[in-house]
Amino acid sequence: MTPFAIAGVQMYVNALQPNVEGMMQRLDVLMMRFPWTQMVLFSELAPFGPLEKFKLPPENDVIDRFCEAARRHKIWLIPGSMFLTNPEDGKVYNTSLVINPDGDVIRRYAKMFPFLPYEAGVAAGTDFCVFDVPDVGRFGLSICYDMWFPETTRQLTSQGVEVLLHPVLTGTTDRDAELAIARATAAQFQCYVIDVNGLGAGGVGKSLVVDPTSLVLHQSAGQEDMFPIEVDLSMVRRQRETGMKGLGQVLKSFRDRPTDFSVYDRTSGTDAFLNTLGPLQVPQQGSRAGLHVDVPASAEAEVFDREPKLGFGVSPAMGKTPGN
(Lines give C-alpha, C1' and ligand atoms only; values in the text may rest on other atoms or scores of the structure.)
Protein backbone atom coordinates (compact mmCIF):
# COMPACT_ATOMS: atom_id res chain seq x y z
CA MET A 1 0.00 0.00 0.00
CA THR A 2 1.16 3.52 -0.83
CA PRO A 3 -1.01 5.74 1.38
CA PHE A 4 -1.18 9.47 0.81
CA ALA A 5 -3.59 11.91 2.48
CA ILE A 6 -5.16 14.57 0.26
CA ALA A 7 -7.56 17.17 1.65
CA GLY A 8 -9.99 19.27 -0.34
CA VAL A 9 -11.25 22.59 1.02
CA GLN A 10 -14.71 23.69 -0.09
CA MET A 11 -15.10 27.27 1.11
CA TYR A 12 -17.16 30.39 0.53
CA VAL A 13 -15.56 32.61 -2.12
CA ASN A 14 -16.17 36.37 -2.39
CA ALA A 15 -16.19 38.00 -5.81
CA LEU A 16 -15.39 41.60 -4.80
CA GLN A 17 -12.74 41.15 -2.14
CA PRO A 18 -9.76 38.83 -1.71
CA ASN A 19 -10.20 35.43 -0.09
CA VAL A 20 -6.54 34.81 0.72
CA GLU A 21 -6.88 35.44 4.46
CA GLY A 22 -9.82 33.06 4.62
CA MET A 23 -7.79 30.40 2.80
CA MET A 24 -4.93 30.79 5.27
CA GLN A 25 -7.26 30.51 8.26
CA ARG A 26 -8.93 27.39 6.89
CA LEU A 27 -5.57 25.86 6.08
CA ASP A 28 -4.42 26.41 9.67
CA VAL A 29 -7.62 24.85 11.02
CA LEU A 30 -7.34 21.92 8.63
CA MET A 31 -3.79 21.13 9.71
CA MET A 32 -4.69 21.41 13.40
CA ARG A 33 -7.63 19.05 12.99
CA PHE A 34 -6.03 16.65 10.53
CA PRO A 35 -2.22 16.90 10.98
CA TRP A 36 -1.71 13.75 8.91
CA THR A 37 -2.75 15.62 5.73
CA GLN A 38 0.02 15.69 3.10
CA MET A 39 -1.59 17.62 0.22
CA VAL A 40 -4.27 20.34 0.16
CA LEU A 41 -6.37 21.41 -2.82
CA PHE A 42 -8.58 24.52 -2.98
CA SER A 43 -11.20 25.34 -5.63
CA GLU A 44 -10.69 27.18 -8.92
CA LEU A 45 -10.12 30.95 -8.53
CA ALA A 46 -10.51 30.69 -4.74
CA PRO A 47 -7.94 33.42 -3.88
CA PHE A 48 -9.66 36.31 -5.71
CA GLY A 49 -12.92 35.00 -7.15
CA PRO A 50 -14.12 34.84 -10.76
CA LEU A 51 -13.56 38.42 -11.94
CA GLU A 52 -10.72 38.93 -14.38
CA LYS A 53 -10.14 42.48 -13.12
CA PHE A 54 -8.28 41.01 -10.14
CA LYS A 55 -5.56 39.59 -12.37
CA LEU A 56 -1.99 39.67 -11.06
CA PRO A 57 1.53 39.47 -12.48
CA PRO A 58 3.05 35.98 -12.53
CA GLU A 59 5.22 36.74 -9.50
CA ASN A 60 3.48 38.41 -6.57
CA ASP A 61 3.22 38.57 -2.78
CA VAL A 62 0.18 36.27 -2.65
CA ILE A 63 2.12 33.43 -4.24
CA ASP A 64 4.91 34.05 -1.72
CA ARG A 65 2.37 33.69 1.11
CA PHE A 66 1.13 30.39 -0.25
CA CYS A 67 4.71 29.14 -0.55
CA GLU A 68 5.40 30.09 3.06
CA ALA A 69 2.24 28.29 4.21
CA ALA A 70 3.21 25.11 2.36
CA ARG A 71 6.68 25.24 3.91
CA ARG A 72 5.31 25.91 7.42
CA HIS A 73 2.83 23.03 7.28
CA LYS A 74 5.18 20.75 5.29
CA ILE A 75 2.49 19.99 2.70
CA TRP A 76 1.95 19.97 -1.03
CA LEU A 77 -0.37 22.89 -1.76
CA ILE A 78 -2.50 23.68 -4.79
CA PRO A 79 -4.23 26.98 -3.85
CA GLY A 80 -6.95 26.79 -6.48
CA SER A 81 -6.09 29.09 -9.36
CA MET A 82 -5.67 32.78 -10.16
CA PHE A 83 -5.81 35.01 -13.19
CA LEU A 84 -2.16 35.70 -14.01
CA THR A 85 -0.87 37.89 -16.84
CA ASN A 86 1.86 36.45 -19.02
CA PRO A 87 4.51 39.17 -19.52
CA GLU A 88 5.57 37.70 -22.87
CA ASP A 89 2.22 37.88 -24.68
CA GLY A 90 0.24 40.13 -22.31
CA LYS A 91 -2.59 37.58 -22.15
CA VAL A 92 -4.45 36.52 -19.01
CA TYR A 93 -4.42 32.84 -18.07
CA ASN A 94 -6.38 30.95 -15.42
CA THR A 95 -3.37 29.46 -13.67
CA SER A 96 -2.89 26.86 -10.93
CA LEU A 97 0.30 26.45 -8.95
CA VAL A 98 1.79 23.29 -7.50
CA ILE A 99 3.84 24.11 -4.39
CA ASN A 100 5.96 21.44 -2.70
CA PRO A 101 6.60 21.05 1.07
CA ASP A 102 9.78 23.10 0.74
CA GLY A 103 7.71 26.05 -0.40
CA ASP A 104 8.86 25.92 -4.04
CA VAL A 105 6.53 26.38 -7.01
CA ILE A 106 7.37 23.32 -9.10
CA ARG A 107 4.62 23.58 -11.72
CA ARG A 108 2.31 26.20 -13.21
CA TYR A 109 -0.68 25.07 -15.19
CA ALA A 110 -2.83 27.32 -17.39
CA LYS A 111 -6.38 26.06 -18.01
CA MET A 112 -6.60 24.58 -21.51
CA PHE A 113 -10.32 25.05 -22.02
CA PRO A 114 -11.61 28.36 -20.66
CA PHE A 115 -15.39 28.17 -20.37
CA LEU A 116 -16.07 29.86 -23.68
CA PRO A 117 -17.98 31.85 -24.71
CA TYR A 118 -18.56 32.95 -21.10
CA GLU A 119 -14.88 33.37 -20.17
CA ALA A 120 -14.04 35.58 -23.12
CA GLY A 121 -10.75 37.35 -22.56
CA VAL A 122 -9.08 34.40 -20.83
CA ALA A 123 -6.44 32.73 -22.97
CA ALA A 124 -6.07 28.96 -23.29
CA GLY A 125 -2.97 27.19 -22.04
CA THR A 126 -1.24 24.53 -24.11
CA ASP A 127 1.04 22.68 -21.66
CA PHE A 128 0.00 19.70 -19.53
CA CYS A 129 0.79 19.44 -15.82
CA VAL A 130 2.36 16.23 -14.50
CA PHE A 131 4.46 15.95 -11.36
CA ASP A 132 5.77 13.25 -9.06
CA VAL A 133 5.46 13.08 -5.29
CA PRO A 134 8.61 11.18 -4.26
CA ASP A 135 7.97 7.66 -2.98
CA VAL A 136 4.22 8.09 -3.59
CA GLY A 137 3.22 8.40 -7.23
CA ARG A 138 2.42 10.56 -10.22
CA PHE A 139 -0.14 13.38 -10.12
CA GLY A 140 -1.79 15.48 -12.82
CA LEU A 141 -3.71 18.73 -12.76
CA SER A 142 -6.62 19.99 -14.84
CA ILE A 143 -9.08 22.82 -14.19
CA CYS A 144 -12.88 22.66 -14.32
CA TYR A 145 -14.04 22.64 -17.98
CA ASP A 146 -10.89 20.75 -19.02
CA MET A 147 -12.49 17.52 -17.78
CA TRP A 148 -15.33 17.84 -20.29
CA PHE A 149 -12.70 17.01 -22.92
CA PRO A 150 -11.46 13.47 -22.18
CA GLU A 151 -8.42 14.04 -24.34
CA THR A 152 -6.93 16.10 -21.51
CA THR A 153 -7.16 13.23 -19.05
CA ARG A 154 -6.07 10.77 -21.73
CA GLN A 155 -2.85 12.74 -22.20
CA LEU A 156 -2.19 12.83 -18.45
CA THR A 157 -2.90 9.17 -17.70
CA SER A 158 -0.93 8.05 -20.75
CA GLN A 159 2.02 9.65 -18.96
CA GLY A 160 1.31 7.60 -15.85
CA VAL A 161 -0.81 10.00 -13.80
CA GLU A 162 -2.54 8.12 -10.97
CA VAL A 163 -4.35 10.99 -9.22
CA LEU A 164 -6.15 13.74 -11.10
CA LEU A 165 -6.38 16.98 -9.10
CA HIS A 166 -9.30 19.01 -10.37
CA PRO A 167 -10.19 22.42 -8.92
CA VAL A 168 -13.50 23.73 -10.26
CA LEU A 169 -15.73 26.79 -10.06
CA THR A 170 -19.24 25.75 -11.00
CA GLY A 171 -22.19 27.75 -9.77
CA THR A 172 -24.50 26.73 -12.61
CA THR A 173 -27.12 24.08 -13.26
CA ASP A 174 -24.66 21.71 -14.97
CA ARG A 175 -22.93 20.70 -11.73
CA ASP A 176 -24.72 17.33 -11.67
CA ALA A 177 -23.42 16.63 -15.17
CA GLU A 178 -19.90 17.38 -13.93
CA LEU A 179 -20.31 14.89 -11.10
CA ALA A 180 -21.24 12.21 -13.63
CA ILE A 181 -18.23 13.15 -15.76
CA ALA A 182 -15.93 12.94 -12.72
CA ARG A 183 -17.10 9.39 -11.96
CA ALA A 184 -16.84 8.36 -15.60
CA THR A 185 -13.34 9.86 -15.83
CA ALA A 186 -12.16 7.84 -12.82
CA ALA A 187 -13.42 4.61 -14.38
CA GLN A 188 -12.32 5.33 -17.95
CA PHE A 189 -8.79 6.27 -16.97
CA GLN A 190 -8.39 4.13 -13.84
CA CYS A 191 -7.35 6.96 -11.56
CA TYR A 192 -8.44 8.87 -8.48
CA VAL A 193 -10.29 12.12 -9.14
CA ILE A 194 -10.15 14.86 -6.49
CA ASP A 195 -12.76 17.42 -7.57
CA VAL A 196 -13.05 20.55 -5.38
CA ASN A 197 -15.71 23.20 -5.99
CA GLY A 198 -16.32 26.44 -4.08
CA LEU A 199 -19.35 28.19 -2.60
CA GLY A 200 -20.90 31.62 -3.11
CA ALA A 201 -19.14 33.27 -6.03
CA GLY A 202 -16.98 30.14 -6.11
CA GLY A 203 -19.73 27.66 -6.95
CA VAL A 204 -22.51 25.48 -5.57
CA GLY A 205 -20.29 23.02 -3.73
CA LYS A 206 -20.83 19.26 -4.15
CA SER A 207 -17.09 18.57 -4.16
CA LEU A 208 -16.22 14.90 -4.43
CA VAL A 209 -13.49 12.28 -4.33
CA VAL A 210 -13.78 9.28 -6.65
CA ASP A 211 -11.66 6.13 -6.63
CA PRO A 212 -10.56 4.22 -9.78
CA THR A 213 -13.65 1.98 -9.65
CA SER A 214 -15.90 5.10 -9.88
CA LEU A 215 -16.85 4.68 -6.20
CA VAL A 216 -17.53 8.06 -4.55
CA LEU A 217 -15.42 8.13 -1.38
CA HIS A 218 -16.78 11.49 -0.30
CA GLN A 219 -19.21 14.10 -1.57
CA SER A 220 -19.74 17.47 0.06
CA ALA A 221 -23.10 19.17 0.23
CA GLY A 222 -23.81 22.89 -0.02
CA GLN A 223 -21.91 24.10 3.03
CA GLU A 224 -18.25 24.64 3.90
CA ASP A 225 -16.29 21.43 4.14
CA MET A 226 -12.73 20.20 4.52
CA PHE A 227 -12.26 16.54 3.72
CA PRO A 228 -8.96 14.68 4.03
CA ILE A 229 -9.02 11.33 2.22
CA GLU A 230 -6.21 8.80 2.29
CA VAL A 231 -5.74 7.38 -1.19
CA ASP A 232 -4.05 4.07 -1.98
CA LEU A 233 -2.04 4.28 -5.18
CA SER A 234 -1.24 0.57 -5.12
CA MET A 235 -4.93 0.11 -5.90
CA VAL A 236 -4.47 2.19 -9.06
CA ARG A 237 -1.53 0.08 -10.17
CA ARG A 238 -3.31 -3.18 -9.41
CA GLN A 239 -6.44 -2.13 -11.29
CA ARG A 240 -4.48 -0.97 -14.32
CA GLU A 241 -2.78 -4.35 -14.44
CA THR A 242 -5.77 -6.63 -13.80
CA GLY A 243 -8.74 -4.43 -14.76
CA MET A 244 -11.50 -2.75 -12.78
CA LYS A 245 -12.78 -5.47 -10.44
CA GLY A 246 -10.84 -7.92 -12.59
CA LEU A 247 -12.71 -6.79 -15.71
CA GLY A 248 -12.01 -3.92 -18.12
CA GLN A 249 -8.33 -3.15 -18.72
CA VAL A 250 -9.08 0.07 -20.55
CA LEU A 251 -5.64 1.67 -20.61
CA LYS A 252 -4.07 -1.45 -22.06
CA SER A 253 -6.91 -1.80 -24.55
CA PHE A 254 -6.34 1.76 -25.71
CA ARG A 255 -2.61 1.07 -25.97
CA ASP A 256 -3.29 -1.99 -28.13
CA ARG A 257 -6.00 -0.34 -30.27
CA PRO A 258 -6.13 -1.51 -33.89
CA THR A 259 -6.92 1.94 -35.28
CA ASP A 260 -6.04 5.59 -34.91
CA PHE A 261 -8.70 8.29 -34.94
CA SER A 262 -8.84 10.50 -37.99
CA VAL A 263 -10.86 13.11 -36.10
CA TYR A 264 -7.62 14.26 -34.50
CA ASP A 265 -6.15 15.06 -37.92
CA ARG A 266 -7.54 18.54 -38.60
CA THR A 267 -6.93 18.06 -42.34
CA SER A 268 -8.84 14.76 -42.61
CA GLY A 269 -12.29 16.29 -43.06
CA THR A 270 -13.76 13.83 -40.55
CA ASP A 271 -14.87 16.70 -38.34
CA ALA A 272 -16.63 18.61 -41.14
CA PHE A 273 -19.95 18.38 -39.27
CA LEU A 274 -18.54 20.50 -36.45
CA ASN A 275 -18.23 23.41 -38.85
CA THR A 276 -22.01 23.43 -39.31
CA LEU A 277 -22.70 24.20 -35.65
CA GLY A 278 -22.34 27.96 -35.91
CA PRO A 279 -20.07 30.34 -33.97
CA LEU A 280 -19.07 29.86 -30.33
CA GLN A 281 -21.13 32.65 -28.75
CA VAL A 282 -23.48 33.31 -25.86
CA PRO A 283 -27.14 32.56 -26.73
CA GLN A 284 -29.45 35.57 -26.70
CA GLN A 285 -33.09 35.93 -25.71
CA GLY A 286 -35.42 34.17 -28.11
CA SER A 287 -32.56 32.44 -29.89
CA ARG A 288 -33.71 29.78 -32.36
CA ALA A 289 -30.21 28.60 -33.20
CA GLY A 290 -30.09 24.94 -34.06
CA LEU A 291 -33.73 24.69 -35.09
CA HIS A 292 -33.87 23.39 -38.65
CA VAL A 293 -37.51 24.43 -39.12
CA ASP A 294 -37.93 28.13 -38.44
CA VAL A 295 -41.68 28.78 -38.17
CA PRO A 296 -42.54 32.51 -37.96
CA ALA A 297 -44.49 33.51 -34.87
CA SER A 298 -47.37 34.81 -37.04
CA ALA A 299 -47.72 31.38 -38.66
CA GLU A 300 -47.81 29.73 -35.23
CA ALA A 301 -50.64 32.05 -34.16
CA GLU A 302 -52.58 31.19 -37.33
CA VAL A 303 -52.28 27.47 -36.55
CA PHE A 304 -53.47 28.03 -32.97
CA ASP A 305 -56.54 29.90 -34.19
CA ARG A 306 -57.50 27.01 -36.49
CA GLU A 307 -57.26 24.34 -33.77
CA PRO A 308 -60.58 23.20 -32.26
CA LYS A 309 -61.39 24.37 -28.76
CA LEU A 310 -61.91 21.92 -25.92
CA GLY A 311 -64.79 22.13 -23.47
CA PHE A 312 -64.80 24.57 -20.59
CA GLY A 313 -63.32 27.29 -22.82
CA VAL A 314 -59.75 25.89 -22.88
CA SER A 315 -57.65 26.13 -26.04
CA PRO A 316 -55.39 23.04 -26.46
CA ALA A 317 -52.74 25.17 -28.18
CA MET A 318 -52.55 27.96 -25.65
CA GLY A 319 -53.54 26.22 -22.42
CA LYS A 320 -55.56 29.32 -21.41
CA THR A 321 -59.19 30.21 -20.88
CA PRO A 322 -60.22 32.98 -23.32
CA GLY A 323 -60.82 36.25 -21.59
CA ASN A 324 -58.42 35.55 -18.69
Side-chain angles (χ1 to χ4, degrees), residues 1-10 30-31 33-43 74-78 96 98 100-101 106-107 109 128-143 146-147 150-168 178-197 206-220 225-257:
M1 179 178 179
T2 309
F4 190 72
I6 306 171
V9 179
Q10 176 175 289
L30 169 67
M31 296 309 298
R33 291 182 62 193
F34 310 110
W36 40 274
T37 299
Q38 295 162 279
M39 176 181 284
V40 178
L41 173 63
F42 285 87
S43 61
K74 297 180 174 59
I75 57 170
W76 293 81
L77 177 61
I78 297 89
S96 281
V98 178
N100 70 15
I106 65 160
R107 293 288 186 279
Y109 172 71
F128 290 90
C129 180
V130 176
F131 65 97
D132 292 328
V133 173
D135 303 318
V136 176
R138 180 156 288 186
F139 291 68
L141 180 62
S142 66
I143 301 175
D146 289 340
M147 190 183 283
E151 295 83 355
T152 60
T153 310
R154 173 76 68 195
Q155 182 87 9
L156 295 171
T157 52
S158 293
Q159 297 179 65
V161 163
E162 298 165 308
V163 179
L164 180 63
L165 304 169
H166 190 238
V168 307
E178 285 188 339
L179 301 181
I181 292 171
R183 292 190 63 188
T185 295
Q188 284 180 297
F189 299 105
Q190 300 179 300
C191 64
Y192 282 96
V193 174
I194 317 294
D195 180 283
V196 181
N197 197 13
K206 299 183 182 180
S207 301
L208 82 165
V209 178
V210 190
D211 82 359
T213 70
S214 83
L215 176 67
V216 175
L217 301 179
H218 173 80
Q219 182 168 340
S220 305
D225 192 15
M226 49 183 67
F227 45 96
I229 300 290
E230 190 175 79
V231 299
D232 177 10
L233 299 192
S234 65
M235 175 186 179
V236 177
R237 294 155 197 162
R238 172 71 173 171
Q239 179 170 306
R240 288 177 171 180
E241 178 61 28
T242 63
M244 185 177 78
K245 301 179 180 180
L247 300 169
Q249 300 176 30
V250 291
L251 296 190
K252 288 193 284 185
S253 292
F254 181 79
R255 178 199 65 194
D256 298 342
R257 66 191 182 278

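Listed for the Arg240 side chain is a donor-acceptor partner under 3.5 Å among the backbone atoms of Gln190. No donor-acceptor pair under 3.5 Å is formed between the side chain of Asp256 and the backbone N or O of Ser253.
Residues that satisfy the side chain to side chain donor-acceptor pair (under 3.5 Å) test with Asn100, not counting sequence neighbours, are absent from this structure. A search for salt bridge (charged side-chain N to carboxylate O under 4.0 Å, His left out) contacts involving Glu151 returns nothing, not counting sequence neighbours. By the side-chain contact (heavy atoms from CB on, under 4.5 Å) test, Leu179 pairs with Arg175, Asp176, Lys206, Leu208, Gln219, sequence neighbours left out. Partners of Phe254 according to the side-chain contact (heavy atoms from CB on, under 4.5 Å) rule, which considers only residues two or more places apart in sequence or in another chain, are Arg154, Arg257, Phe261. For Arg255, there are no salt bridge (charged side-chain N to carboxylate O under 4.0 Å, His left out) partners, not counting sequence neighbours. Arg33 pairs by the side chain to side chain donor-acceptor pair (under 3.5 Å) definition with nothing, not counting sequence neighbours. Scored by the side chain to side chain donor-acceptor pair (under 3.5 Å) test, Thr37 finds no partners at all (sequence neighbours excluded). Shown here are the ring pair (Phe, Tyr, Trp, His ring centres under 6.0 Å) partners of Phe189, two or more places apart in sequence or in another chain: there are none. Taking the salt bridge (charged side-chain N to carboxylate O under 4.0 Å, His left out) definition, one finds that Arg238 meets it with nothing, sequence neighbours left out. Looking at residues two or more places apart in sequence or on another chain, you find a side chain to side chain donor-acceptor pair (under 3.5 Å) between Gln10 and Ser207. Residues satisfying the salt bridge (charged side-chain N to carboxylate O under 4.0 Å, His left out) criterion with Lys252, sequence neighbours excluded, are Glu241.
Between Tyr192 and Phe139, the distance from one ring center to the other does not fall under 6.0 angstrom. For an aromatic pair to be called close, the ring centres must be under 6.0 Å apart, and Trp76 with Phe131 satisfies this.
Summarising the geometry of Gly140 relative to Val161, their closest heavy-atom pair is N-CG1, 3.4 Å, with the distance given to 0.1 Å. Closest approach of Ala187 and Ser214 over heavy atoms only: CB-CB, 4.0 Å. The two residues Phe227 and Val9 come nearest to each other via the heavy atoms CE2-N, 4.5 Å. Here the closest heavy-atom approach between residue Leu30 and residue Ala7 is recorded as CD2-CB, 3.8 Å. For the residue pair Leu41 and His166, the shortest heavy atom distance occurs at CD2-N, 3.9 Å.
Atom-to-atom distance recorded for Gln155:CD and Asp146:CG is 12.5 Å, nearest 0.5 angstrom. The structure places OH of Tyr109 at 6.0 Å from OG of Ser142, a figure rounded to the nearest 0.5 Å. Rounded to the nearest 0.5 Å, atoms SG (Cys129) and CG (Leu165) are 8.5 Å apart. A distance of 11.0 Å separates CD1 in Ile78 from CD1 in Ile143, rounded to the nearest 0.5 Å. Note that CD of Gln38 is 8.5 Å distant from CD1 of Ile6, once rounded to the nearest 0.5 Å. To the nearest 0.5 Å, atom CE of residue Met31 and atom CE of residue Met226 are 11.0 Å apart.
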- Query: Checking side-chain contact (heavy atoms from CB on, under 4.5 Å) for the pair Val210/Leu217: CA distance, chi angles, key distance, verdict?
  - Reply: CA-CA 6 Å; Val210 190; Leu217 301 179; over 6 Å; no
- Could you go through the side-chain contact (heavy atoms from CB on, under 4.5 Å) check for Leu77 and Met39 one step at a time? CA-CA 6 Å; Leu77 177 61; Met39 176 181 284; over 6 Å; no
- Task: Before giving the answer on side chain to side chain donor-acceptor pair (under 3.5 Å), spell out for His218 and Asp225 the whole-Å C-alpha distance, their side-chain angles and the decisive distance to 0.1 Å.
- Result: CA-CA 11 Å; His218 173 80; Asp225 192 15; 2.8 Å; yes
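For the pair Pro228 and Val40, the minimum side-chain heavy-atom distance is 4.5 Å or more. Between Val209 and Val216, every side-chain heavy-atom pair lies at or beyond the 4.5 Å cut-off. By the 4.5 Å heavy-atom criterion applied to side chains, Met147 and Val193 are counted as neighbours. The shortest side-chain heavy-atom distance between Phe4 and Asp232 does not fall under the 4.5 Å cut-off. Using a 4.5 Å heavy-atom cutoff, the side chains of Val163 and Ile194 are in contact.
For residues 128-137, the set of pairs meeting the salt bridge (Lys or Arg N to Asp or Glu O under 4.0 Å) definition, not counting sequence neighbours, comprises Asp132-Arg138.
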